[in-house]
4 protein chains.
Amino acid sequence: MPASPLLPSLDSPHRRKGEQTAERILDAAEALFAERGYAGTSLRDVAARVELRIPSLYNHFPSKDALYAAVLARGIGPVLELLAGFAAAPSESRDAGAVIERVMAILRRHRNLPKLIQHETLAGGPRLTPMLREWIAPVFGRAGEMAETAPGAGRWAPEQLPLVVIAVYNVLVGFFTFAPLYQALNGDDLLTDARLDHQTRILREVVAALFPEVPIER
Amino acid sequence: MPASPLLPSLDSPHRRKGEQTAERILDAAEALFAERGYAGTSLRDVAARVELRIPSLYNHFPSKDALYAAVLARGIGPVLELLAGFAAAPSESRDAGAVIERVMAILRRHRNLPKLIQHETLAGGPRLTPMLREWIAPVFGRAGEMAETAPGAGRWAPEQLPLVVIAVYNVLVGFFTFAPLYQALNGDDLLTDARLDHQTRILREVVAALFPEVPIER
Amino acid sequence: MPASPLLPSLDSPHRRKGEQTAERILDAAEALFAERGYAGTSLRDVAARVELRIPSLYNHFPSKDALYAAVLARGIGPVLELLAGFAAAPSESRDAGAVIERVMAILRRHRNLPKLIQHETLAGGPRLTPMLREWIAPVFGRAGEMAETAPGAGRWAPEQLPLVVIAVYNVLVGFFTFAPLYQALNGDDLLTDARLDHQTRILREVVAALFPEVPIER
Amino acid sequence: MPASPLLPSLDSPHRRKGEQTAERILDAAEALFAERGYAGTSLRDVAARVELRIPSLYNHFPSKDALYAAVLARGIGPVLELLAGFAAAPSESRDAGAVIERVMAILRRHRNLPKLIQHETLAGGPRLTPMLREWIAPVFGRAGEMAETAPGAGRWAPEQLPLVVIAVYNVLVGFFTFAPLYQALNGDDLLTDARLDHQTRILREVVAALFPEVPIER
DNA sequence: GATGAATGAGGATTCATTCAT
DNA sequence: AATGAATGAATCCTCATTCAT
């Protein structure tokens, strides 16, 4: 029996179009939230970017906050999965180089993500905390533990280890967050493919320098 | 000769009190801008924090924008002077360790500064660009040049050098910007004196690892 | 073919109601701008008069300035068309009496118009100038030319003619602008139908006196 | 005995300077009120024009309203005296031409006055009414009476007479109020001495045309 | 007499949200 | 699903005024 027109099947054109719209809204919102932060982004801007009127946004997301959460979730999800996979792997088979490579690959396609996260980090605030408990906390907890059990960890005192992990994290994220300023200063775009390759290499070397004994595939 | 009543002397009570108030406004604004960014900070919040009514703010700063610029200028000034001094020093007498120490000392007293700068960096925007040309640009220009002529520069290809400098910069700034998130996750405050000592040490080691031949006083 | 729901037909209830509201806003604004001028009129007053909240005004006009411009355009349009028609008519068929009659008829229905124009005239300012070039300038230019080619023009030196035209204009407008003061002084309302008839007659006689040879139908 | 420094005589430099300041404030306020009306003029503007700070204005006038009233009084006084003198003169010795000449002379020196009055007229409102009763009312009352008893009055029906007087008044005032618009349109300044001579002449002719039997000295 | 600082009231405008269509 | 209209709350900012100096 074909789906009744009143109950459209999961991928009827209707539904597809609706999801497409939601996706377009997420895209627009992601770019704007990344550039201007939550407070600096108005639904008016988002709507204009999607070429919709504001109330239409409410057909897809129940509030600005929910839209923001959705943007964050969509962006952060893949990264967390990757990290979780890495953390879960047996310690011998962890290859730092591969993770760096794959994280960079994700960020290349989602260049807004680091800025988005950085905005949240700076706010350090209420909107973030709920998501933290669920997503970031375990990963960063694992990261510390990983580092502790990692071969090269001997170089750092236990209470220094989290700080070193944070340092690496900031080097990674920083390439993206610093890009617009760099461009304003020098005219160069740090986010071209060539530059991103450089950054990947630098990141590898930074990790190699900080954790001399961690295996890293060349 | 007594000061004419028409031209109040430089330290008339008026002036002194006014300057004090302006300073208090700057303090309040700095904290709020750092935490919530420009768009997320309302003059209402600032005024409440200084225990003034909103219009009084306008007796000291002509607009929110001007207040923001003043906050930025006051905060960034000393750091830039320090860096400029370092950049101007003859290359043999440059001691990376000393600079790290002194930058950290400044940031310890102005803990909002890195967040402030980070917000601006993320915005990458119009409010920043004018200041950039004047202040940051020459320093970062010098930083690149410094690194090139530095003994350890040989380790990096010329086009990689700016990226490495940026990496160090991000490690430094990142300790401060990541602090609130870290606290929300783990309950630990990264900005205690003990922790900041750790970070200083880590930063030195990062620099040592990245520029193995740069002299660094222990 | 039924109208698509995405493109509401020209007289959807939405549109009709919206236009009605816009018209009511224009009415209220016209009265207030006429009485108190631009600076003296607050959107709060306008909104109160239409029984709306202030932000609703922005659903119909993007700014106070735009509302003002719309008021002016709506009011001045018909008069200018009338004058343009008169100016375009062949000189023999021009009947000063008829124009006076018809201008008075318009102003009777739009009694705020003269005050509105007078406010603008006094400001002599930036808000006016753009509209002037487009609307008023050509008409007044024609007015001068008309007067020159008119039979009675011989009475006045060419450089006096514009001044005489202005004089007539001021007599006409003055009846309306002076009315509130007159009422405050004497208690009489100059804008009753009877009084307006008088004024029309006086205006005719003034024109007859100033241009003795211009044909004027009785 | 010379005036003690504690009790400065009426025209001590102290007092003189004070009065001078008040006069300068009046000048600035007159120009601004004339151009922008009461609501459109801020004390900030006035103070800036006198190169004082706002609170200093309050040393000379107790409120914005009082300043406005003072501007009006200072400007209108001479005109009213002139008219009063004319009205009081025995009817045979009245010479319309002389009055026109002298009113124009006053307005030439006080070009803001007509605009000022026109603003008030348009407001027709509360700020005006108190002054009206005292100043303008009697004069206009007399004007009507004068016109009635004047030789040429026979031309007009009694109830038309006030309207005719108003017409003349508007011709006179209109030259000044229309000037800025005219200048914006044509680039010509209507308030040059030559133009004002023309206007005086036109005004005489208008009066002559409207009151053919009124004596008017050539 | 002049002014810096402070402020209550109000200015225009934006924002996120709701609802009827 | 899309949108015009409406709105309470909040935005930045201006204004007239006061007061201590």
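To find a chain, count down the sequence lines: A is the first, B the second, and so on, and within it residues start at 1. None of the values given here were measured: they were computed from a predicted structure.
When all heavy atoms of C:Ala34 and C:Lys115 are compared, the closest pair comes out as O-CB, 3.6 Å. Contact record, C:His119 with D:His119: ND1-ND1, 4.5 Å, taken as the closest heavy-atom pair. Nearest approach of C:Leu26 to C:Ala70, heavy atoms of both residues: CD2-CB, 3.7 Å.
For D:Glu30, the side-chain hydrogen bond (donor to acceptor under 3.5 Å, both in side chains) partners are D:Arg74, D:His110, D:Asn112, not counting sequence neighbours. Remark: A:Asn59 engages no residue in a side-chain hydrogen bond (donor to acceptor under 3.5 Å, both in side chains) (not counting sequence neighbours).
For the pair B:Leu67 CG and F:dC12 C1', the computed distance is 12 Å after rounding to whole Å. One interatomic measurement links the two molecules: CZ of A:Arg53 to C1' of E:dT18, which rounds to 18 Å at whole-angstrom precision. In this entry the distance linking CD of C:Gln20 with P of F:dG4 reads 18 Å, nearest Å. Straight-line distance from the NE2 atom of B:His60 to the C1' atom of E:dT7: 12 Å, rounded to whole Å. Look at CD on B:Glu51: it is 19 Å from P on E:dA5, rounded to the nearest Å. Rounded to an integer number of Å, the gap from A:Phe61 CZ to F:dA2 P is 12 Å. In this structure, CG of B:Asn59 is placed 13 Å from P of F:dC15, rounded to the nearest angstrom. With rounding to whole Å, B:Leu57 atom CG is found 13 Å from E:dG8 atom P.
Screening residues 42-57 of chain C for salt bridge (Lys or Arg N to Asp or Glu O under 4.0 Å) gives C:Arg36-C:Asp45 as the qualifying pairs, with residues at least two apart or on separate chains.
Here the options are D:Leu122, D:Ile76, D:Leu72, the test is side chain to side chain contact (heavy atoms under 4.5 Å, CB included), and the partner is D:Ile117; only D:Ile76 passes.
Both cation-pi conditions hold for D:Lys64 and D:Tyr38: the charged atom is under 6.0 angstrom from the six-membered ring centre and inside a 45 degree cone around its axis.
Annotation: the span from D:Ile25 atom CD1 to D:Leu57 atom CG amounts to 5.0 Å, rounded to 0.5 Å.
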- Task: For B:Glu120 and B:Tyr68, run side chain to side chain contact (heavy atoms under 4.5 Å, CB included): C-alpha distance rounded to whole Å, both residues' side-chain angles, the deciding distance at 0.1 Å, then the answer.
- Result: CA-CA 11 Å; B:Glu120 267 312 302; B:Tyr68 185 66; 2.4 Å; yes
- Query: Going through the distances and angles, do C:Ile54 and C:Val46 end up as a side chain to side chain contact (heavy atoms under 4.5 Å, CB included)?
  - Reply: CA-CA 8 Å; C:Ile54 296 172; C:Val46 177; over 6 Å; no
- Task: Return one dot-bracket line describing DNA chain F 5' to 3' (Watson-Crick or G-U wobble pairs, both distances under 3.5 Å; ( ) same strand, [ ] crossing, | another strand, . none).
- Result: .||||||||||||||||||||
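Using a 4.0 Å cut-off, no side-chain N or O of D:Ser56 falls inside it from OP1 or OP2 of E:dG1.
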- Summarise protein proximity over nucleotides 11-16 of chain E in one line of letters, 5' to 3': B for base, S for sugar-phosphate only, - for none, counting protein heavy atoms closer than 4.0 Å. SSBBBS
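Contact check of residues 27-36 of chain C against DNA chain F (heavy atom, cut-off under 4.0 Å) returns no residues at all.
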